[in-house]
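Numbering starts at 1 and runs along the sequence shown. Order of appearance sets the numbers: ligands from 1, and atoms from 1 within every ligand. Since the model is a prediction, treat every value here as computed from it, not as a measurement.
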Amino acid sequence: MVNKIRVYELAKLLKMSAKDLMEVLEKLGIEAKTHMSSIDVETAKLVEDMLKKEDASAPSKAAPAPQRAVRRVSVAKGATVAELAKALGVPVGDAVSKLVKASKMLSASDRADDEALLILGEAYGVELEWGDGASDQGGPAPSASPEDVRPERMVPRPPVVTVMGHVDHGKTTLLDTIRRTNRAAKEAGGITQHIGASLVEHGGRRIVFLDTPGHEAFTTLRARGAKVTDVAVLVVAADDGVMPQTEEAISHARAAGVPIVVAINKIDKPGVDVERVKRQLSERGLIPEEWGGDTVMVPVSAKTGKGVEELLEMILLVADMLELKADPHALPRGYIIESRLDKGRGPVGSVIVQHGTLRVGDVVLTSNTYAKVRSMLDDRGNYVKEAPPGTPVEVSGFEEVPVAGDTFVKVSSEREAKAILESKKEQTGEAVKPSRVRLEDLYRRLQEGEAKQLRLILKADTQGSLEAIESSIRKMARDEVGVEVVHKGIGNVSESDVMLAAASDAIVLGFNVQVEKAASRLAEDEGVDVRTYRIIYEMLDDVKAALEGLLEPERKEEVVGKAEIRAIFKLPKGGKVAGCYVLEGFARRNASVRVRRGKEILYEGRLASLKRFKDDVREVASGFECGMAFEGFQDFQEGDLVEFFVVSETRRTLG
Ligand code: GDP
């Protein structure tokens, strides 16, 4: 252990970024999984020597072009480094680091000079030259509107962190300790305010912690579309070890592709065994980096504060790998992380700004409402006038309570916001259920490229059956279709399982378990396919059939009403309305309709309008008269019959 050094530490010593060092190591064939990995000091010395030699032998030849430059790219005089990178088709950060490595200190927004052109040209094996900007890349970069996110304006933003773990393992205590001792120094004073997230500081850098711990909250946001969290902190109590919700949290973070930093908590307790926790986590694929894995694990005591500073340090290091950036000058947009009706301030929404800078007076639009931002409250209870990227604030001025997990974006005016919401309402009529993947339509989705994999959440009554099911299903994967088990566990299908399925477009399969009431309600709302089986082969048959496209849904049509056309009215502006009498059931605005003349079907489609006297109505019951017009059909006559029907796709009845 003594003779080892972590990659990021070596990078610090060599005054280069950990990422660049990783590249160098890779080129040299030295294995290092992440910048948290350790390499032995001998190797480190070798690397240092090599880099020095390279430096000495002419800085601009640091990376000789491996082949003759075949590509010519010309850029307009006065182009910035970012524009140059764009013309080259390389990441801006990469170009900047190439320049810096060659001792050319330019940032993305700086203008490039001859030397920069030379360095980058060589680095990427391209002949770069000044010109009118026309290049083999298809001309100059189109000038982006000031509202777009522009790479050259990007600045680092703080990571957003969610704390997860089993109940009573110390999530709340850890959050409290972090907030108490590391509040962002900005304006002292003010009581910590619950606005959904807190800003803390470590070594002059900021981290945003979401106030509500737990993977349920995390996945609920994600299921609504908000990719808020950058890093997950998994709290595992050392005296208790890995528990069911620890495993759930791991699955949730993994499904979201969010890196995990483990906090092994309660190390102040006598006789706790940190190594045991590491072993348990390793069995679940989280291997500590000192054992050759890439998961950072920090022993902490949320109670005494021991290890908490190191935890923050590690969070920042893991976040560095993600290169989190935001454009503070773009059109303001971000996520609603919490919302509520405040007695004094009306509907409020806690938001995290993703790009742009949100200001008092801005109008922001969400999926269901809008706000003219009246005030913004930060986590210290201070009213602020503007919120740059990564700053959590509670916004007042909403017309209605916004939905947590929704995204927001600035629009030009309240009028625009209203118009967009109106037109949306018209299009959808009523709230539409999200369309998620179902076993029956998996094949179609696969064919159409909408799905690439069958994602599953498996729940079973015993470990044995769970393993049997998993291995049988995995065997069904073939070249074109992969099977991914997003999460597996023992016990009934819970809300958390359904949320995870919604967030990761997965199907829930239960064997010999029940679906909790709340979970089945949620599944209904979220359109998640949950299936339970009592016979293992029926489950496997269904999955196999779905993968082969043989599990077609059963389409069932139900006639909900019939009406007779009894009069025809010509409208003054053209067009015709059918005056009808509802014979049975209901005439429904949103149902499908079929117009029949005897046996002949004249039209199948939808209503353009349904009226009682002058009023638009949703429904007219039998025994009443109404007027209706059809979408794109007018050739009806008195005596024609109108049938109202709904089509439902039913799954096959299962065991
Ligand atoms: P949560 O359910 O994960 O949010 O857990 P809490 O933060 O509510 O903690 C559960 C219990 O563990 C409380 O009684 C805490 O005081 C206790 N606890 C939390 N962290 C520590 C710790 O580091 N050391 C000790 N000894 N107790 C802790």
Side-chain angles (χ1 to χ4, degrees), residues 160-183 191-198 200 202 207-222 228-229 231-254 256 258 260-281 284 286 288 295-315 337-338 350 379 392 404 487 489 491 494-497 499-500 518:
V160 180
V161 178
T162 302
V163 175
M164 303 182 189
H166 197 71
V167 65
D168 281 344
H169 278 200
K171 299 180 291 291
T172 314
T173 313
L174 180 65
L175 270 169
D176 286 346
T177 305
I178 289 172
R179 270 189 301 235
R180 215 177 38 246
T181 47
N182 291 78
R183 291 175 17 176
I191 341 143
T192 311
Q193 195 90 13
H194 180 102
I195 59 153
S198 312
V200 306
H202 175 84
I207 309 173
V208 180
F209 277 90
L210 294 189
D211 287 340
T212 311
H215 53 274
E216 290 91 350
F218 165 82
T219 296
T220 304
L221 290 183
R222 212 163 69 79
V228 185
T229 304
V231 177
V233 168
L234 179 68
V235 179
V236 189
D239 58 343
D240 207 17
V242 169
M243 298 301 277
Q245 285 162 35
T246 316
E247 301 196 31
E248 277 182 35
I250 295 172
S251 299
H252 282 239
R254 279 210 180 123
V258 168
I260 298 172
V261 173
V262 177
I264 303 179
N265 192 27
K266 306 199 185 183
I267 53 162
D268 58 287
K269 284 196 160 181
V272 294
D273 188 352
V274 170
E275 297 301 303
R276 183 181 68 119
V277 177
K278 288 185 183 169
R279 266 198 311 276
Q280 291 176 333
L281 288 167
R284 275 118 188 135
L286 291 182
T295 306
V296 182
M297 303 195 181
V298 188
V300 301
S301 165
K303 200 171 166 187
T304 67
K306 188 160 189 269
V308 169
E309 292 299 315
E310 198 195 341
L311 176 65
L312 297 178
E313 175 86 29
M314 292 303 137
I315 292 170
I337 50 169
E338 274 185 22
S350 297
D379 63 330
H487 175 66
S494 67
E495 275 181 287
S496 155
D497 295 327
M499 245 334 154
L500 179 59

Among protein heavy atoms, which sits nearest to atom 17 (C) of ligand 1, and what does the distance come to when rounded to 0.1 Å? K266 NZ, 3.9 Å

State plainly whether the residues R179 and D211 are in salt-bridge range, i.e. N to O under 4.0 Å. yes

Which of the atoms in ligand 1, numbered in the order shown and given with their element, are less than 4.0 Å from a heavy-atom of S301? 23 (O)

Protein contact of atom 20 (N) of ligand 1 - nearest heavy atom, named by residue and atom, plus distance: N265 ND2, 3.2 Å

Take E216 and M499 through the side chain to side chain contact (heavy atoms under 4.5 Å, CB included) test and state the conclusion after the steps. CA-CA 7 Å; E216 290 91 350; M499 245 334 154; over 6 Å; no

Heavy-atom contacts with H169 under 4.0 Å: which atoms of ligand 1 show up? List them by number with element. 3 (O), 5 (O)

Protein residue, atom and distance nearest to atom 10 (C) of ligand 1, heavy-atom basis: D168 O, 3.5 Å

For D497 and S494, does a side-chain donor sit closer than 3.5 Å to a side-chain acceptor? yes

Quick check: does V167 get an N/O under 3.5 Å from an N/O on ligand 1? no

Who's the nearest protein heavy-atom neighbour of atom 4 (O) of ligand 1, and how far? T172 OG1, 2.5 Å

Among all protein heavy atoms, pick out the one at the shortest distance from atom 27 (N) of ligand 1; state its residue, atom name and that distance to 0.1 Å. K303 CD, 3.8 Å

For ligand 1, which is the ligand I care about here, please tell me if K269 has any N or O atom under 3.5 Å from one of the ligand's N or O atoms. no

Exam field: side chain Q280 to backbone G241, donor-acceptor pair closer than 3.5 Å: no

What I want to check is whether the side chains of H194 and E338 have a donor and an acceptor closer together than 3.5 Å. yes

Proximal atoms of ligand 1 relative to H166 (non-hydrogen, under 4.0 Å): 3 (O)

Do me a favour and list the nearest non-hydrogen protein atom to atom 6 (P) of ligand 1 with residue, atom name and distance? T173 OG1, 3.5 Å

Any donor-acceptor N/O pair, H166 side chain to Q245 backbone, under 3.5 Å: yes

How about S496 and H252: does a side-chain donor come under 3.5 Å of a side-chain acceptor? yes

Applying side chain to side chain contact (heavy atoms under 4.5 Å, CB included), run through K266 and K303 and close with a yes or a no. CA-CA 7 Å; K266 306 199 185 183; K303 200 171 166 187; over 6 Å; no

Could you find the nearest protein heavy atom to atom 24 (N) of ligand 1 and give me its residue, atom name and distance? D268 OD1, 2.6 Å

Taking atom 14 (O) of ligand 1 as the reference point, report whether a protein heavy atom occurs under 4.0 Å from it. no

Using the rule side chain to side chain contact (heavy atoms under 4.5 Å, CB included), only one of L312, I264, N265, L311 pairs with V298; which is it? L311

Can you report which non-hydrogen protein atom sits closest to atom 23 (O) of ligand 1, along with the distance? A302 N, 2.9 Å

Under 3.5 Å: N/O of G170 near N/O of ligand 1: yes

Under 3.5 Å, is there a donor-acceptor pair between the E313 and H202 side chains? yes

